[in-house]
Amino acid sequence: MNYPFISIVIATFNSGQTLETTLKSIRKQLYPQDKIEILIIDGGSVDNTIFLTKKYKCKILSNLKTHQVYAKHIGYLQAEGKYLLYLDS
């Protein structure tokens, strides 16, 4: 089967307490992992958010304005997938 490449955009800011559950869930999906890109749009976290992002092999982008609406727009502009999905951390 030919699976389309998908992009998942997650806006974060000190989301370490909840982000791992979200990323584990994505990585447990039966959808081929090489057809998924996870874009973490981070607003300057100082907790373990960035560590988790690297642990689950996500792309990290900065959101200098910190608000979610800007993060979603950054993700939209950078996503390479045929389909785009927004998730909360």
Side-chain angles (χ1 to χ4, degrees):
M1 182 169 204
N2 189 17
Y3 291 91
F5 191 68
I6 62 169
S7 299
I8 300 172
V9 172
I10 304 173
T12 59
F13 180 72
N14 291 334
S15 302
Q17 289 186 335
T18 57
L19 182 61
E20 188 161 30
T21 302
T22 302
L23 296 176
K24 273 185 188 178
S25 178
I26 294 167
R27 293 302 185 203
K28 286 183 177 181
Q29 299 303 308
L30 297 178
Y31 200 85
Q33 292 298 304
D34 64 334
K35 297 288 186 173
I36 300 173
E37 80 171 337
I38 303 171
L39 301 171
I40 302 293
I41 318 300
D42 189 69
S45 294
V46 294
D47 65 353
N48 65 338
T49 297
I50 302 304
F51 168 78
L52 292 171
T53 299
K54 293 175 183 176
K55 177 179 174 182
Y56 287 92
K57 298 180 174 101
C58 306
K59 293 181 184 177
I60 308 166
L61 300 168
S62 294
N63 176 14
L64 300 177
K65 296 186 179 182
T66 69
H67 295 287
Q68 272 193 349
V69 69
Y70 296 112
K72 290 179 179 182
H73 184 69
I74 292 167
Y76 168 77
L77 294 174
Q78 296 297 316
E80 295 179 16
K82 181 175 181 179
Y83 299 103
L84 175 63
L85 172 71
Y86 293 107
L87 288 179
D88 290 331
S89 60

Original post:
Between Asp47 and Gln17, is a side chain to side chain contact (heavy atoms under 4.5 Å, CB included) present by the stated rule, with each step listed?
Top reply: CA-CA 9 Å; Asp47 65 353; Gln17 289 186 335; 5.9 Å; no
Under 3.5 Å, which donor-acceptor pairs link side chains of residues 75-89 to any protein atom two or more places apart or in another chain?
residue, atom, partner, partner atom, Å
Tyr86, OH, Lys72, O, 3.3
Ser89, OG, Ser15, OG, 3.1

Indicate every side-chain donor-acceptor pair of residues 58-68 with a distance under 3.5 Å to a residue at least two apart or in another chain.
residue, atom, partner, partner atom, Å
Lys59, NZ, Glu37, OE1, 2.9
Asn63, OD1, Lys65, N, 3.3
Asn63, OD1, Thr66, N, 3.3
Asn63, ND2, His67, O, 2.9

**OP:** Could you tell me whether a side-chain N or O of Thr53 sits under 3.5 Å from a main-chain N or O of Thr49, the two making a donor and an acceptor?
**Re:**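 Yes.
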Subject >> Residue pair Leu39 / Ile74, side-chain heavy-atom distance below 4.5 Å >> reply: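 Counting from C-beta outward, Leu39 and Ile74 never come under 4.5 Å.
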Original post:
So with a 6.0 Å cut-off around CD of Gln33, is the heavy-atom count from everything else above 12?
Top reply: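 Yes, because the 6.0 Å sphere around CD of Gln33 holds more than 12 heavy atoms from other groups.
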Subject >> same_hphob_cluster(Ile50, Tyr56) at 4.5 Å side-chain heavy-atom cutoff >> reply: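 Ile50 does not cluster with Tyr56.
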Original post:
Are Ile40 and Ile8 co-members of a hydrophobic cluster defined by side-chain heavy atoms under 4.5 Å apart?
Top reply: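 In one cluster with Ile8: Ile40, yes.
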Original post:
Taking all non-hydrogen atoms of both residues, which atom of Leu23 and which atom of Leu52 are closest, and how far apart?
Top reply: CD1-O, 3.8 Å
Original post:
Any salt bridge (charged side-chain N to carboxylate O under 4.0 Å, His left out) pairs touching residues 6-25, not counting sequence neighbours?
Top reply: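 Of all non-adjacent pairs touching residues 6-25, those that pass salt bridge (charged side-chain N to carboxylate O under 4.0 Å, His left out) are Glu20-Lys55.
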**OP:** Can you run down the ring pair (Phe, Tyr, Trp, His ring centres under 6.0 Å) pairs that involve residues 10-54, sequence neighbours left out, and say none if there aren't any?
**Re:**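 Residue pairs passing ring pair (Phe, Tyr, Trp, His ring centres under 6.0 Å), neighbours aside: Tyr3-Tyr31.
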Original post:
Among all residues two or more places apart in sequence or in another chain, which pass the ring pair (Phe, Tyr, Trp, His ring centres under 6.0 Å) test with Phe5?
Top reply: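 Not a single residue meets the ring pair (Phe, Tyr, Trp, His ring centres under 6.0 Å) criterion with Phe5.
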Original post:
Cluster partners of Leu30, using ILVMFWY side-chain heavy atoms under 4.5 angstrom, listed by chain and number?
Top reply: none
